[in-house]
Amino acid sequence: MFVPFISKRSPESSKQLFKRKGGGGRGGARGGGGGSSGSARSSPVSVAGTSKSATVGGNGGGAPITIPAGQPFAGSTAGGGTRAQVYGSRSYTPTPSGFPFYFWPLAWGGAAGYGYGRYNDQNRPGGVMTFADFPSSSQNTTFRLLADKESVDALLPEIQADCSSMYNTSSSAANSWNETLTAPQIEQVIQYYRDNSIALTLDGFNTTGNPDAPLPSNIDTGLLNCLNTTIGEAAPLIDAASLRWAAPPNVGIAGLVLVIWHLSSSLI
């Protein structure tokens with residue numbers, strides 16, 4: 001199993017996700033990447049003025065789009081990222097040419113937000129930055145998940161289903177992120193996901209002055225591995241078919257038929 005900065009993926013499996021043994025049979029809560037049966041859970045996400053559906057365990061992908069004028073980051077590309085590309089590294093290195101997973105990278109850096117808006121910007125796909133705590137039930141270790149609100153809300157039941165025996169579940173409620181020292185900080189990140197829009201942090205860890213600092217040897221690596229695997233498998237992704245088109249208001253059935261006929265005839 002892959003644990004960031006502790007073990008390494010083999011060349012043959014570097015693009016595969018590592019499922020936890022016995023992780024299935026949970027009523028199909030996870031779709032696509034998780035391998036469970038049943039329908040996947042999805043939630044609407046506003047992206048560049050359109051509504052898209054982010055699916056837990058979905059495969060992502062699809063041709064990138066260009067963000068239209070009048071929207072934040074107009075002219076940049078968005079989309080195309082796949083499940084196999086979810087895992088990042090410890091370094092904060094967002095894709096400079098756009099947003100492969102639609103979601104904006106985390107807004108570290110106070111007012112500057114590292115160029116990706118404020119942490120509480122209402123335009124952030126998935127909502128404001130939010131985090132949840134995962135204190136180990138067996139060791140003095142606390143991990144924190146940080147992402148947009150929709151992603152944290154979607155990942156919490158997945159993590160609870162996979163890892164609840166390893167952490168204090170009463171302490172894992174979602175909280176809005178802020179700039180205080182009591183919230184997860186950039187120097188505590190041990191793993192980024194989904195082009196730096198999701199992060200896993202470790203309390204007490206500090207990369208200031210040493211970006212390659214090794215993880216402490218006395219942490220709960222079992223919980224770390226479970227969190228890392230579940231986030232990689234289940235992180236919500238937007239796929240190519242999720243664009244929602246809504247009929248104009250007050251159109252009715254006859255008007256809707258005419259609209260569809262007009263659109264189809266224009267393609268002939």
Side-chain angles (χ1 to χ4, degrees), residues 2 4 9 13-18 30-34 40 42-109 113-119 121 123-130 145-152 154-155 158 186 189-200 228-244:
F2 171 65
R9 296 190 185 93
S13 61
S14 61
K15 293 184 179 180
Q16 297 177 359
L17 299 178
F18 291 75
R30 187 178 303 166
S42 299
S43 59
V45 174
S46 178
V47 178
T50 64
S51 179
K52 290 180 176 288
S53 198
T55 303
V56 170
N59 293 322
I65 65 169
T66 299
I67 298 176
Q71 298 297 325
F73 308 106
S76 299
T77 58
T82 66
R83 178 64 54 184
Q85 300 167 320
V86 163
Y87 283 105
S89 66
R90 184 194 296 178
S91 301
Y92 185 78
T93 52
T95 301
S97 59
F99 307 91
F101 293 96
Y102 294 97
F103 295 89
W104 297 357
L106 297 171
W108 305 112
Y114 275 78
Y116 294 104
R118 293 276 291 173
Y119 64 91
D121 189 334
N123 290 313
R124 293 188 70 83
V128 301
M129 283 171 52
T130 302
L145 167 68
L146 177 63
D148 58 279
K149 185 180 186 304
E150 289 289 347
S151 293
V152 171
L155 282 168
E158 299 294 320
I186 189 170
V189 173
I190 58 176
Q191 181 72 46
Y192 281 106
Y193 311 83
R194 209 180 59 183
D195 195 47
N196 298 261
S197 62
I198 300 174
L200 185 64
N228 177 62
T229 301
T230 304
I231 295 168
E233 287 186 347
L237 300 186
I238 296 173
D239 62 30
S242 69
L243 182 64
R244 295 181 179 179

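- Within the 3.5 Å criterion, the main-chain N or O of Asn228 finds a donor-acceptor partner in the side chain of Tyr87.
- Between the Tyr92 side chain and the Leu106 main chain, a donor and an acceptor come within less than 3.5 Å of each other.
- The shortest distance between side-chain heavy atoms of Phe99 and Pro105 falls below 4.5 Å.
- Without hydrogens or angle criteria, Thr77 side chain to Ser97 main chain gives a donor-acceptor distance under 3.5 Å.
- Between Leu146 and Trp108 there is a side-chain heavy-atom pair separated by less than 4.5 Å.
- Tested against Phe101 for a side-chain contact (heavy atoms from CB on, under 4.5 Å), the candidates Ile238, Thr95, Leu237 yield a single pass: Leu237.
- Here the shortest heavy-atom pairing between Ala78 and Tyr102 reads CB-CD2, 3.8 Å.
- Summarising the geometry of Ala74 relative to Ala69, their closest heavy-atom pair is CB-CA, 3.8 Å, with the distance given to 0.1 Å.
- Using a 4.5 Å heavy-atom cutoff, the side chains of Thr230 and Glu158 are in contact.
- Closest non-hydrogen pair, Pro100 versus Asp195, comes out as CD-OD2, 3.4 Å.
- Taking OG of Ser46 as the reference point, atom CD of Gln71 lies at 7.5 Å (rounded to 0.5 Å).
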For Gln85 and Thr82, run side-chain contact (heavy atoms from CB on, under 4.5 Å): C-alpha distance rounded to whole Å, both residues' side-chain angles, the deciding distance at 0.1 Å, then the answer.
-> CA-CA 5 Å; Gln85 300 167 320; Thr82 66; 3.4 Å; yes
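- For the pair Arg118 (side chain) and Val128 (backbone), a donor-acceptor distance under 3.5 Å is absent.
- Put simply, the side chain of Gln191 gets close to the backbone of Gly88: a donor and an acceptor are under 3.5 Å apart.
- Rounding to the nearest 0.5 Å gives a distance of 13.5 Å between OH of Tyr116 and CE of Met129.
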Test Trp104 against Asp121 for side-chain contact (heavy atoms from CB on, under 4.5 Å), laying out the working first.
-> CA-CA 11 Å; Trp104 297 357; Asp121 189 334; 3.8 Å; yes
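- Minimum interatomic distance between Ala154 and Pro236 (heavy atoms only, all atoms of both residues): CB-CG, 3.7 Å.
- With a 4.5 Å cut-off on side-chain heavy atoms, Ser151 and Arg194 count as touching.
- When every heavy atom of Ile67 is checked against every heavy atom of Pro72, the shortest pair comes out as CG2-O, 3.5 Å.
- Under the 4.5 Å side-chain criterion, counting only non-hydrogen atoms from C-beta, Phe103 is not in contact with Ile198.
- Side-chain N or O atoms of Asn59 include none that pairs as donor or acceptor with a backbone N or O of Arg83 at under 3.5 Å.
- Between Tyr192 and Ser91, the shortest heavy-atom distance links the atoms CD1-O, 3.4 Å.
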Evaluate the side-chain contact (heavy atoms from CB on, under 4.5 Å) criterion for residues Leu200 and Tyr193: first the C-alpha distance (whole Å), next the side-chain angles of each, then the deciding distance (0.1 Å), finally the verdict.
-> CA-CA 8 Å; Leu200 185 64; Tyr193 311 83; 3.8 Å; yes
